[in-house]
> 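Following this message is one structure expressed as structure tokens.
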Amino acid sequence: MTTPLPSPGAPVGIFDSGVGGLSVLRHIQAQLPHEHLLYFADSGFAPYGDKPEDVVVERVLSLASYLSTHGVKALVVACNTATVAAVRELRERYPSMPIVGVEPGLKPAAAATRNGKVGVLATERTLAGAKFLALRDQIHEATGADFLLQPCVGLADQIEFGELDSDATAAMLARFLQPLLDQGADTLVLGCTHYPLVRASIERVLEKAGKADVTLIDTGDAVARQLARLLDAGSLLRHQGPPPASLTGFTSASAAALKAAFASLLGVDPPVHEVAIPVPPSWQNGTRN
Ligand code: DGL
């Protein structure tokens with residue numbers, strides 16, 4: 001059996017453990033307004049950040065397999081945790097498909113810092129991943145920048161619950177940011193795609209701490225540029241033409257919750273479908289088998 005060649009008219013599949021990937025999707029929509037986009041929010045299995053690596057790998061392969069049933073021409077792993085854990089396996093499984101991952105922006109942070117001290121906010125899983133640690137060592141060696149790692153346990157959950165500017169979220173952020181500020185970080189990497197969604201709250205906490213001049217690094221824009229480059233290189237860019245570009249949402253939790261997130265975060269109202277993805281065999285009853 002031969003696999004049909006992907007065509008420029010096919011959709012791009014984008015996924016995250018939940019709504020965090022919408023912080024990447026907005027850049028893709030802005031830069032590639034003619035692309036049909038499918039967004040999968042795996043909110044029913046979130047968070048990924050506190051799960052074992054092999055469980056995240058299995059889950060990511062299941063989501064990619066689901067999206068491939070919709071004939072996607074490219075995949076965007078709009079999740080740092082999933083990228084660090086599973087992008088290698090994804091590329092092995094889909095060797096001819098353009099796949100763009102998201103990794104904490106250590107390189108732009110090293111270029112932006114004035115004192116060589118960079119705080120990295122991310123999930124526990126991302127910060128423990130071999131791929132991330134190799135990147136940290138490489139950029140440290142090349143630039144001399146020191147990276148102060150801060151796992152933000154529970155922050156992605158707060159954002160999934162829609163608590164973008166509640167007092168509880170501000171208190172949580174202050175708890176994570178203060179040790180980094182105390183150590184002199186003048187640049188902070190938003191190393192989880194959920195975190196740009198609370199950028200305004202982070203800025204308020206920094207202002208309160210008298211550190212409004214701290215630089216925040218978000219890689220959503222760079223990810224969209226990389227997607228454009230790969231589509232172009234594969235002659236897969238869709239140019240303007242009927243039908244107009246579409247956006248469709250899929251979620252492993254409630255369609256109403258994802259619709260609400262689309263509306264409040266992006267001001268759009270796409271169709272959203274609930275999809276049951278079987279829980280990885282290595283993760284049953286909320287724990288590893
Ligand atoms: N949005 C995901 C990331 O970029 C993580 C959230 C989670 O823990 O599921 O890492």
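Just follow the structure's listing: the first ligand is 1, and inside any ligand the first atom is 1.
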> Determine whether any heavy atom of Cys79 lies closer than 4.0 Å to an atom of ligand 1.
yes
> Closer than 4.0 angstrom, basic N to acidic O: yes or no for Glu35 and Lys73?
yes
> Closest non-hydrogen protein atom to atom 1 (N) of ligand 1, residue and atom name please, with distance?
His194 ND1, 2.7 Å
> So for ligand 1, is Thr193 a polar contact partner (N or O within less than 3.5 Å, distance only)?
yes
> So which heavy atom on Leu32 is nearest to which on Ala224, and how close?
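Nearest pair, atom of Leu32 first, then Ala224: CD1-O, 4.2 Å.
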> Is the contact between Ala156 and ligand 1 made by the side chain, the backbone, both, or neither, using heavy atoms and a 4.0 Å cut-off?
side chain
> Have a look at ligand 1 and work out which part of Cys192, if any, has a heavy atom under 4.0 Å from it: side chain, backbone, both or neither.
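Both backbone and side chain.
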> Quick one: look at Asp50 and ligand 1, take heavy-atom pairs under 4.0 Å, and tell me if it's side chain, backbone, both or neither.
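No part of Asp50 is near ligand 1 at this cut-off.
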> Quick one: which ligand 1 atoms are inside 4.0 Å of a heavy atom on Tyr48?
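Close to Tyr48: 7 (C), 8 (O), 9 (O).
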> Please could you name the atoms of ligand 1 that Gly49 approaches to less than 4.0 Å, counting only its heavy atoms?
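It comes down to these atoms of ligand 1: 7 (C), 8 (O), 9 (O).
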> Students should be able to answer this: which protein heavy-atom is nearest to atom 10 (O) of ligand 1, and at what distance?
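The closest one turns out to be Thr81 OG1, 2.6 Å.
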> So is Arg59 actually on top of Phe45's ring, under 6.0 Å and inside 45° of the axis?
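Yes, a cation-pi geometry.
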> Backbone, side chain, both or neither: what part of Asn80 comes under 4.0 angstrom of ligand 1, heavy atoms only?
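The answer is both, backbone and side chain.
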> Return the minimal non-hydrogen interatomic distance between Val100 and Leu227, and the atom names on each side.
CG2-CA, 3.8 Å
> Could you check whether any side-chain heavy atom of Val189 comes within less than 4.5 Å of a side-chain heavy atom of Thr219, counting everything from C-beta outward?
no
> Pick one: which of Tyr39, Tyr66, Phe15 meets ring-ring contact (aromatic ring centres under 6.0 Å, His included) with Phe250?
Tyr66
> For ligand 1, which atoms have a heavy atom of Asp16 less than 4.0 angstrom away?
1 (N), 2 (C)
> I need the His194 NE2 to Leu22 CG distance, nearest 0.5 Å.
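One finds 8.5 Å between NE2 of His194 and CG of Leu22.
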> Mind running salt bridge (Lys or Arg N to Asp or Glu O under 4.0 Å) on Glu89 and Arg93 for me, showing each step along the way?
CA-CA 6 Å; Glu89 285 82 352; Arg93 175 98 32 121; over 6 Å; no
> Short N/O distance, under 3.5 Å, between Ser17 and ligand 1?
yes
